Amino acid sequence: MKKLDSAFYNRADVVKIAKELIGKVLITHFGEVITSGRIVETEAYAGAIDRASHAYNNRRTNRTEVIFQAGGVAYVYLVYGIHQLFNVVTNQKDTPHAILVRALDPIHGINTMLERTGKHRADYTLTKGPGNVSKALGITTRHTGVSLLGDEIYIADDDFVVAKKDIIATPRIGIDYAGEDAKLPYRFILKDNPNVSGKKSQNA
DNA sequence: ATGAGGATTCCA
DNA sequence: GGAATCCTCATC
């Protein structure tokens with residue numbers, strides 16, 4: 001397993017990186033506890049020019065500041081007062097690009113994921129959807145700003161091969177407020193993977 | 001100080 | 001289809 005390095009995260013094309021993250025492995029290692037899963041769904045958020053992005057128009061607030069850091073850190077925030085969403089920050093300092101990880105195929109630590117989520121069966125809902133990804137891997141808003149080059153949270157390449165034709169681009173989910181930008185094909189899913197979130201009509 | 005709204009999930 | 005739930009942000 002090769003941990004992705006700063007050269008991977010610091011590139012300029014956030015949409016391309018979002019696509020490349022499909023098939024990579026997201027790992028959390030807190031204390032002695034390791035959980036991981038293969039990334040099967042991502043969404044790119046193109047910063048200043050993207051109405052769907054929290055950093056649209058270079059909006060800098062306490063919350064969004066971490067997105068302006070150089071690529072390779074975690075951006076974790078709370079939505080609906082309930083769910084914590086894990087993002088990967090990319091590009092250079094002051095260019096606020098981020099990629100939301102929306103679904104995983106569980107690999108390691110499934111029993112721990114069941115404990116964390118309070119679920120009783122390891123079915124496809126365990127890491128389906130961005131709220132569930134964070135919950136299963138134990139990621140919370142405390143981890144916003146954590147480096148992905150460290151050992152607590154990181155992404156690795158285990159040489160798993162994803163065929164180009166098995167990666168499908170679609171519009172992003174839950175961003176109707178973004179006007180025309182809501183139509184951009186910035187969401188990537190691994191074809192036919194049961195963990196992928198959204199309705200069937202959103203996965204073609 | 002206040003109020004509106006959200007990159008969701010779960011159940012009916 | 002609708003509630004849960006609370007932080008963030010813009011505005012007053």
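Chain letters run A, B, ... following the sequence lines, proteins first and then strands; every chain starts at 1. Note that the structure is a prediction, hence the values are computed from the model and not measured.
Residues A:Tyr75 and A:His143 keep their aromatic ring centres 6.0 Å or farther apart.
The side chain of A:Thr61 places no N or O atom within less than 4.0 Å of a non-bridging phosphate oxygen (OP1 or OP2) of C:dT8.
The CD atom of A:Glu41 lies 4.0 Å from the CZ atom of A:Arg187; values are rounded to the nearest 0.5 Å. For the atom pair OG1 (A:Thr144) and CG (A:Asn87), the distance works out to 8.0 Å, reported to the nearest 0.5 Å.
Where DNA chain B pairs in unbroken runs of 3 or more (Watson-Crick or G-U, both distances under 3.5 Å), the stems are B:1-6 with C:6-11, B:8-11 with C:1-4.
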**Item:** Where protein sits on nucleotides 3-12 of chain B, one letter per nucleotide: B base, S sugar-phosphate only, - none, heavy atoms under 4.0 Å
**Value:** ---BBBSS--
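Checked by atom type and distance alone, the side chain of A:Lys24 pairs as donor or acceptor with a backbone atom of A:Glu20 at under 3.5 Å.
Checked against side-chain contact (heavy atoms from CB on, under 4.5 Å), A:His29 has the following partners two or more places apart in sequence or in another chain: A:Ile34.
Taking the C1' atom of each, B:dG5 and C:dG2 are spaced 16 Å apart, rounded to whole Å.
No more than 12 heavy atoms of other residues, nucleotides or ligands sit less than 6.0 Å from atom CZ of A:Arg51.
Between A:Arg60 and A:Asp94, at least one side-chain N (NZ, or NE/NH1/NH2) sits under 4.0 Å from a carboxylate O, which counts as a salt bridge.
Using the six-membered ring where Trp is involved, A:His54 and A:Tyr77 have ring planes that are perpendicular, over 60° apart on the 30 and 60° scheme.
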